S.K.: 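My structure is below; once you've seen it, I'll send some questions.
Since the structure is predicted, the reported quantities are computational estimates derived from the model, not experimental observations. Sequence positions, counted from 1, serve as the residue numbers for this chain.
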Amino acid sequence: MSGPYWMKTLINKTFSGRFFLSELTRYPHVGRMVDKLLFEGDDIFYLPKDRVIPIDEAVDPEDIQSTAVPSMVLEHFIREADFRWIMDFCICRDSTGCRDYPVDLGCLFLGEAARGINPKFGRPAEAAEALEHVARCREAGLVHLVGRNKLDTVWLNIGPSSRLLTICNCCPCCCLWKVLPVIDTQISKKVNRMPGVRLSVTDTCVGCGVCTRGTCFVDAIRLKGKRAVIDEDQCRGCGRCADICPNHAIRLEIERPDYIEAAIERISRLVDLTGKSERM
């Protein structure tokens with residue numbers, strides 16, 4: 001049975017209190033309960049934008065098609081999935097009344113569990129339309145978040161979590177995961193960087209501070225003296241700071257050549273999109 005439409009209304013009305021509710025999870029009993037109910041078994045990570053990924057050397061935008069880029073992870077799962085569902089709205093941007101990014105570019109859900117989503121929330125899609133949707137999201141400046149997210153199965157009243165892959169398209173102003181700095185660490189550590197990706201500040205940094213003003217989801221970059229410093233423990237590798245730096249002083253690096261394959265394998269262990277495991 002799909003989630004009732006009033007669930008969306010409830011989230012809209014309570015979304016502004018997400019930081020307060022997240023802070024409550026720091027009480028051990030509350031944190032364990034919320035973790036089990038909403039985040040058990042989760043593993044989610046941000047995908048940096050394709051155009052800010054240097055592999056061995058800077059990549060010319062015209063060469064993107066022949067280069068291993070993060071969006072290939074999405075393309076793999078979109079083509080593999082037996083079922084795809086495009087949401088007509090982003091619940092985060094809809095709840096905050098976002099004026100800077102499109103509200104109608106919602107999540108993409110993959111897998112058999114998505115068949116149970118309330119038809120008022122969106123529409124099923126073929127692979128080509130799903131690929132076009134995520135491309136539009138990138139063009140709008142949104143950052144992809146991909147993985148297994150039990151919270152979506154709860155509010156949508158679908159499941160199981162092992163049959164649903166979430167692809168969020170996040171903006172820096174409204175994203176639910178801005179709560180990561182204040183939520184219980186057992187929950188926050190389930191949202192990570194893409195395997196093999198890291199950010200570093202180069203010597204060309206002049207300390208202008210552009211990267212520290214409303215850019216990072218988790219406040220992981222700050223000025224220390226006259227230079228930006230990245231908190232490795234907090235950074236989720238979304239690459240927004242590298243993308244926005246006017247001096248190109250922040251470098252997004254690849255630490256392993258098989259980072260695309262590593263990301264696909266990690267997700268595949270958690271989510272079955274084809275039902276093959278059940279048919280074997």
S.K.: Could you walk me through whether Asp152 and Thr166 pass the side-chain hydrogen bond (donor to acceptor under 3.5 Å, both in side chains) check?
M.R.: CA-CA 8 Å; Asp152 287 324; Thr166 294; 2.7 Å; yes
S.K.: Taking atom CG of Asn149 and atom CD1 of Ile167, what is their separation to the nearest 0.5 Å?
M.R.: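 Those atoms lie 12.5 Å apart.
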S.K.: Do Asp231 and Arg222 sit within salt-bridge range, that is, some charged N less than 4.0 Å from a carboxylate O?
M.R.: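 No salt bridge links Asp231 with Arg222.
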S.K.: Does Arg18 use its side chain to pair, donor to acceptor, with the backbone of Phe15 at less than 3.5 Å?
M.R.: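 Confirmed, Arg18 side chain pairs with Phe15 backbone.
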S.K.: Salt bridge or not for Asp203 and Arg227, using N-O below 4.0 Å?
M.R.: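 A salt bridge is present here (some side-chain N lies under 4.0 Å from a carboxylate O).
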S.K.: Do the side chains of Ile244 and Val201 join up, straight or via other hydrophobic residues, at under 4.5 Å, putting them in one cluster?
M.R.: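 The answer is no; the residues belong to distinct hydrophobic clusters.
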S.K.: Quick check on the hydrophobic clustering: are Val229 and Val206 connected, directly or via other members, by side-chain heavy-atom contacts under 4.5 Å?
M.R.: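 No, because Val229 and Val206 fall into different hydrophobic clusters, even though each may have its own neighbours under 4.5 Å.
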S.K.: Do Leu165 and Leu273 make a side-chain contact, defined as non-hydrogen atoms from C-beta onward lying under 4.5 Å apart?
M.R.: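 Of all side-chain heavy-atom pairs linking Leu273 with Leu165, at least one is under 4.5 Å.
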S.K.: Keeping Asn192 on the side-chain end and Lys189 on the backbone end, is there a donor-acceptor pair under 3.5 Å?
M.R.: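 Indeed, once roles are kept as given, a pair shorter than 3.5 Å links the two residues.
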S.K.: Is there a side-chain contact between Val210 and Cys245, using heavy atoms and a 4.5 Å cut-off?
M.R.: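 In short, these two side chains do not touch, never coming nearer than 4.5 Å.
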S.K.: So Arg163 and Asp272, do their side chains get closer than 4.5 Å, heavy atoms only?
M.R.: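 Asp272 vs Arg163: side chains touch.
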S.K.: What about Phe109 and Ile44, same hydrophobic cluster or not, with Ile/Leu/Val/Met/Phe/Trp/Tyr joined at side-chain heavy-atom distances under 4.5 Å?
M.R.: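 Linked within one cluster.
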S.K.: Report the relative orientation of the aromatic rings in Phe121 and Tyr5; use parallel for angles under 30°, tilted for 30 to 60°, perpendicular for over 60°.
M.R.: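 Phe121 vs Tyr5 ring planes: tilted.
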S.K.: If you take all heavy atoms of Arg148 and Leu270, which pair is closest and at what distance?
M.R.: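 Closest approach of Arg148 to Leu270, heavy atoms only: NH1-O, 3.1 Å.
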S.K.: For the residue pair Arg79 and Arg84, what are the closest heavy atoms and their distance?
M.R.: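 Residues Arg79 and Arg84, closest heavy atoms: O-NH2, 3.9 Å.
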S.K.: Can Arg32 and His29 be counted as having a side-chain donor-acceptor contact under 3.5 angstrom?
M.R.: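 His29 and Arg32 do have a side-chain donor-acceptor pair below 3.5 Å.
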S.K.: Identify the heavy atoms of Cys92 and Cys174 that sit nearest to each other, and give their distance.
M.R.: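 Closest approach of Cys92 to Cys174, heavy atoms only: CB-O, 3.4 Å.
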S.K.: Side chains of Arg138 and His144: any donor to acceptor distance under 3.5 Å?
M.R.: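 Yes, a side-chain donor-acceptor pair sits under 3.5 Å.
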S.K.: How many angstroms lie between atom CZ of Phe217 and atom CZ of Arg236, to the nearest 0.5 angstrom?
M.R.: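 Those atoms lie 11.5 Å apart.
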S.K.: Under 3.5 Å, is there a donor-acceptor pair between the side chain of Arg198 and the main chain of Gly196?
M.R.: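 Answer holds: no.
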S.K.: Are Val197 and Tyr259 side-chain neighbours, meaning at least one heavy-atom pair lies under 4.5 Å?
M.R.: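 Result yes, sub-4.5 Å side-chain heavy-atom pair found.
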S.K.: How close do Ser161 and Val271 get, counting heavy atoms only, and between which atoms?
M.R.: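 That would be O-CG2, 4.4 Å.
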S.K.: Could you go step by step and tell me if Ile158 and Leu164 meet the side-chain contact (heavy atoms from CB on, under 4.5 Å) rule?
M.R.: CA-CA 9 Å; Ile158 57 175; Leu164 185 76; 3.9 Å; yes
S.K.: Would you give the length of the straight line joining atom CG of Asp50 to atom OG of Ser71, rounded to the nearest 0.5 angstrom?
M.R.: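 Taking CG in Asp50 and OG in Ser71, the distance rounds to 3.5 Å.
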S.K.: Please answer whether the main-chain N or O of Ser162 pairs with a side-chain N or O of Lys150 as donor and acceptor at a distance below 3.5 Å.
M.R.: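 No.
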S.K.: Applying a strict under-4.5 Å side-chain criterion to I, L, V, M, F, W and Y, I'd like to know whether Met33 and Leu38 cluster together.
M.R.: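 Yes.
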S.K.: Flag the pair Cys216 / Asp219 as yes when at least one side-chain heavy-atom distance between them is below 4.5 Å, and no otherwise.
M.R.: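 A side-chain contact is absent here, since even the closest heavy-atom pair is not under 4.5 Å.
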S.K.: Does the side chain of Glu23 reach to within under 4.5 Å of the side chain of Val30, using non-hydrogen atoms?
M.R.: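 No, every pair of side-chain atoms sits at 4.5 Å or beyond.
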S.K.: I need the minimum non-hydrogen distance between Lys49 and Val143, along with the two atoms involved.
M.R.: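 Shortest heavy-atom separation between Lys49 and Val143 comes out as CE-CG2, 4.2 Å.
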S.K.: Carefully, step by step, assess Leu105 and Asn169 under the rule side-chain contact (heavy atoms from CB on, under 4.5 Å).
M.R.: CA-CA 7 Å; Leu105 293 180; Asn169 307 296; 5.6 Å; no
S.K.: Say whether, by atom type as modelled, one donor and one acceptor occur between the side chain of Thr25 and the main chain of Asp184 under 3.5 angstrom.
M.R.: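 Such a contact is found between Thr25 side chain and Asp184 backbone.
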S.K.: Is it the case that atom CD in Glu255 sees more than 12 heavy atoms from other parts of the structure closer than 6.0 Å?
M.R.: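 For Glu255, atom CD is crowded (more than 12 foreign heavy atoms under 6.0 Å).
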S.K.: Would you mind reporting whether Cys211 and Ile250 have side-chain heavy atoms less than 4.5 Å apart?
M.R.: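 They are in side-chain contact.
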S.K.: Cys168 and Cys107: side-chain contact (heavy atoms from CB on, under 4.5 Å), yes or no, with the steps?
M.R.: CA-CA 5 Å; Cys168 284; Cys107 289; 3.4 Å; yes
S.K.: Tell me whether the guanidinium CZ or amine NZ of Lys190 lies under 6.0 angstrom from the six-membered ring centre of Phe45 and within 45° of its axis.
M.R.: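 Judged by the rule (NZ or CZ under 6.0 Å from the ring centre, within 45° of its axis), Lys190 is not positioned above Phe45.
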S.K.: Check whether Arg93 reaches the backbone of Cys98 with its side chain - one donor and one acceptor, N or O, closer than 3.5 Å.
M.R.: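 A pair under 3.5 Å: no.
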S.K.: Do you know the tightest heavy-atom contact between Pro48 and Gly237?
M.R.: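 What the structure gives for the nearest pair is CG-O, 3.2 Å.
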S.K.: Using side-chain hydrogen bond (donor to acceptor under 3.5 Å, both in side chains), reason through Asn247 and Thr204 one step at a time and then give a plain yes or no.
M.R.: CA-CA 7 Å; Asn247 299 300; Thr204 57; over 6 Å; no
S.K.: What I'd like to find out is whether the side chain of Val182 reaches to under 4.5 Å of the side chain of Arg26, using heavy atoms alone.
M.R.: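 Of all side-chain heavy-atom pairs linking Arg26 with Val182, at least one is under 4.5 Å.
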S.K.: So does Thr212 get a backbone contact from the side chain of Thr215, meaning a donor-acceptor N/O pair under 3.5 Å?
M.R.: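 Looks like no, no N/O pair under 3.5 Å.
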S.K.: Examine Leu74 and Leu142 and state if one hydrophobic cluster contains both, with Ile, Leu, Val, Met, Phe, Trp and Tyr joined whenever side-chain heavy atoms are less than 4.5 Å apart.
M.R.: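 They do not share one cluster, since no chain of ILVMFWY contacts under 4.5 Å joins Leu74 to Leu142.
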S.K.: Apply side-chain contact (heavy atoms from CB on, under 4.5 Å) to residues Leu199 and Arg193 and explain how you reach the verdict.
M.R.: CA-CA 10 Å; Leu199 285 147; Arg193 275 179 284 183; over 6 Å; no
S.K.: Taking atom types as modelled, find out whether Asn12 and Ser95 have a side-chain donor-acceptor pair closer than 3.5 angstrom.
M.R.: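 Side-chain D/A pair, Asn12 to Ser95: present.
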S.K.: Output yes when Glu132 and Arg136 qualify as a salt bridge under the 4.0 Å nitrogen-oxygen rule, no when they do not.
M.R.: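 A salt bridge is absent here (no side-chain N lies under 4.0 Å from a carboxylate O).
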S.K.: Any chance you could measure Leu110, atom CG, to Phe77, atom CZ, to the nearest 0.5 Å?
M.R.: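 The CG atom of Leu110 sits 9.0 Å away from the CZ atom of Phe77.
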S.K.: Once rounded to the nearest 0.5 Å, what's the spacing between atom CG of Leu176 and atom CZ of Phe19?
M.R.: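 Separation between the atoms: 8.5 Å.
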S.K.: From Ile187 CD1 over to Lys36 NZ, what is the distance, rounded to the nearest 0.5 angstrom?
M.R.: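 One gets 13.0 Å once the value is rounded to the nearest 0.5 Å.
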